[in-house]
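Reckoned from all heavy atoms, side chains included, excluding hydrogens, waters and symmetry mates. Convention: sequence-line order gives letters A, B, ...; per-chain numbering from 1.
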Amino acid sequence: MTLKQVVNNVAEMPASKKAVVDINKLSLTFQTADGPVYALSDVDLTIEEGDFVSFIGPSGCGKTTLLRVIADLEQATGGDISINGVTPHEAREKRAYGYVFQAPALLPWRSIERNVTLPLEIMEISKEERVKRAQEALKLVELNGFEKKFPWQLSGGMQQRASIARALSFDADLLLMDEPFGALDEIVRDHLNEQLLKLWARTNKTVAFVTHSIPEAVYLSTKIVVMSPRPGRIIDVIETNFPNDRTLDIRETPEFLEIAHRVREGLRAGHSNDE
Amino acid sequence: MTGMKLDKFCLVAAIAALLALIFPLSGIDGDTGKQVAFVGDIPGLAIAMALCVITGAAFTWLGVRSVKAGMVILAVAVFGCWQAVDVLYDHGVAGYAALGFWLFIISLWAFVWRGIDVIANFHSLDRSKQHAANIVVPLAFGVWLLFVWEVVVSGFGVPQVLLPPPSMIGERFVNSTDILASDFHQTFVKAVLSGYVMGCGSAFIIAIAVDRVPFLKRGLLPLGNMVSALPIIGVAPIMVMWFGFDWQSKAAVIVIMTFFPMLVNTVTGLNAAGKLEKDLMATYASGYWSTLFRLRLPAAMPFVFNALKINSTLALIGAIVAEFFGTPIVGMGFRISTEVGRMNIDMVWAEIALAALAGTAFYGAVAYIERKATSWHPSFRVRRH
């Protein structure tokens, strides 16, 4: 496998699969007392079904904001965005999103099982079905046996896994993950990355993943979106072609290092533009 | 033994008890011109004092290192307290206590202090033992304070109008249970409970409305602040004019007193849920009521219980004070105001004791429910792995 085959610029790729997220000339400006802040500027992006897309960039590059715009937690001030052909607001009403935040955001008065069934409860799914789906979701993140524990009785990594189970429980079209492993140590993080990849390969979910770790982005993604700050914009989109059953060992391969190098170059270029 | 420290409390106890044996127990009776009582005539007291000397001396050297040792000195102290009360009432020392008697009390004080101190520092992994120790400490301390009150008031012969001894209050309490029961029913069951439920309940519902409607937040909160600042002394007579002499006017005063703490705490609590959790509910397209019941109200519960606890004591104060301004011929506040006028101070104290018991039990009940309802909160968490 040559590098040419592994690395392709997205512009050269023909669109074949169904687009889940379609973004055209999107921009977002916050009005603050100190004048406007250009959080996102002129963003064009397509996320296809089954893609694992990572957003990487320095702090303030708008990667989290972009994820929040996709999830209808922020409103764009310019351009178009559609999720499965409808607006983000309509997609949210249809419960298209499974969002995993930087912190687990588990409700401390609910057991792990009842935290996982929370979205199902809101969606008015029957009790037996809720319990059944919670069991399945907890099994996917290897947390079966912890149903009756409370969040504060679990370690940080386990809590984050529970929050992933919660996002998986209702079969959302799109899994949005905002630096979910950012607060965890590297060993736990590697383990969870492997688990997440297996999960993605098994469920074939479409995932949008925000990170500031280059190895994490390269290891997990089918598509890496490199962003730069002030104004937040996309400066490179890199497609990778690693096998779906890859392990952490691929991080030693030349292909992996080559892509990591290209990501780093992109980040550096974005940074120097700004100085 | 080298490097051993003397136990200072036991040393004080031994020396004080020894001096108590030497100095006169009581003063001189004006009629007979003789001392009222001698230690030598009262074998029980002499034994108690001697025991204090021996025990004190022994533990000065040995140190009070275990709960068992603490129990031994507490047992000696209890025997001593019994003899002290006995000598006050059965040997006529009440009102005539002299230096010997007070030295003996100082000796007992040192023992009790050291004994409670040892039990207070007791730590056990056995939860039932720990629980027992946690109860014994405040109980022993409370009983000791009552004892000191008793001997000081009796020993110095303090006039009963100024301060009756607790035994007299207790006797009055036991002999007037029917009056106390009817007062309790009138003031607590009728006025306090209904006023508390109405005040806290309405404030809770209005807090949710205030949170929902922005103009209420701006308009109603300052108004509520003003209402809470109204002096209860001024409001109570007006409420009596509006709602009559019976419990309804007292409940109205309680509503005014309890409304604002509940309103402010609930409004604050409704904003206690984190931004992340609110965003989470938004991604599930959770509606207003769904988010209210699943996220915001549970997150507000620690604040709500805080207000419930504050209000449990406010409500009782409000009811008793309001009864000073007109009431049917029953009720705790009514009884206090009339019995003061008739110089029946022991009855006033019996009512005060009843109010203290009712207030503590009410607060305790609310705190217990809080512990059960918000066991997830960091201040109550028990790790159960």
Side-chain angles (χ1 to χ4, degrees), chain A residues 64 67-68 70-75 83 88-112 114-115 117-125 146 148-155 158 163 166-167 169-170 172-180, chain B residues 125 127 204 208 211-212 265-266 268-309 366-385:
Chain A
T64 295
L67 210 63
R68 290 175 63 84
I70 294 173
D72 189 40
L73 295 174
E74 305 281 357
Q75 307 304 319
I83 313 294
H89 181 74
E90 285 164 325
R92 186 164 67 87
E93 296 286 311
K94 287 186 193 166
R95 276 97 187 213
Y97 304 119
Y99 206 118
V100 180
F101 295 88
Q102 269 166 313
L106 299 168
L107 305 183
W109 51 87
R110 284 175 168 250
S111 66
I112 292 299
R114 292 198 61 232
N115 263 291
T117 58
L118 174 72
L120 305 171
E121 220 176 89
I122 294 167
M123 292 161 201
E124 289 168 356
I125 287 163
F146 292 91
K148 301 293 169 227
K149 294 280 182 200
F150 282 87
W152 33 274
Q153 295 172 317
L154 267 53
S155 70
M158 288 162 98
S163 88
R166 181 175 59 190
S169 67
F170 59 101
D173 295 336
L174 187 55
L175 200 55
L176 302 168
M177 306 179 93
D178 183 7
E179 288 186 43
Chain B
L125 292 175
R127 281 182 71 183
F204 183 75
I208 291 170
D211 177 76
R212 184 90 158 117
N265 270 286
T266 309
T268 310
L270 284 171
N271 292 314
K275 188 177 181 301
L276 217 55
E277 284 78 7
K278 285 182 196 159
D279 279 349
L280 180 78
M281 297 306 267
T283 65
Y284 300 144
S286 171
Y288 170 78
W289 294 105
S290 166
T291 305
L292 184 70
F293 284 113
R294 294 200 171 90
L295 173 65
R296 301 180 66 210
L297 281 181
M301 276 306 131
F303 293 84
V304 171
F305 273 108
N306 211 8
L308 286 175
K309 285 194 289 188
V366 176
Y368 179 78
I369 297 168
E370 177 189 28
R371 191 169 277 264
K372 292 288 155 199
T374 60
S375 57
W376 53 270
H377 196 257
S379 53
F380 297 128
R381 279 176 194 174
V382 182
R383 284 216 162 235
R384 281 162 300 187
H385 277 294

Closest-packed option against chain B by number of heavy-atom pairs under 4.5 Å, given A:L176, A:L118, A:L106
A:L118
Enclosure of A:F146 CZ (heavy-atom neighbours >12, cutoff 6.0 Å):
no
Heavy-atom cut-off 4.5 Å, strictly under: side chain, backbone, both or neither for A:Y99 against chain B?
both
Contacting region of A:L107 [heavy-atom separation from chain B under 4.5 Å]:
side chain
Measure across A:W109 and B:P298 and return the closest heavy-atom pair with its distance rounded to 0.1 Å.
CE2-CB, 3.1 Å
Which salt bridge (Lys or Arg N to Asp or Glu O under 4.0 Å) pairs, counting each pair once, include a residue from residues 89-102 of chain A, with sequence neighbours left out?
A:D72-A:R92
Pairs touching residues 290-300 of chain B that satisfy salt bridge (Lys or Arg N to Asp or Glu O under 4.0 Å), sequence neighbours left out
A:E121-B:R294, B:D211-B:R296
Could you please state which residues from residues 283-290 of chain B sit under 4.5 angstrom from chain A, measuring non-hydrogen atom to non-hydrogen atom, sorted by number, or 'none'?
B:T283, B:Y284, B:A285, B:S286, B:S290
Residues of residues 272-281 of chain B with any heavy atom under 4.5 Å of a heavy atom in chain A:
B:K275, B:L276, B:E277, B:D279, B:L280, B:M281
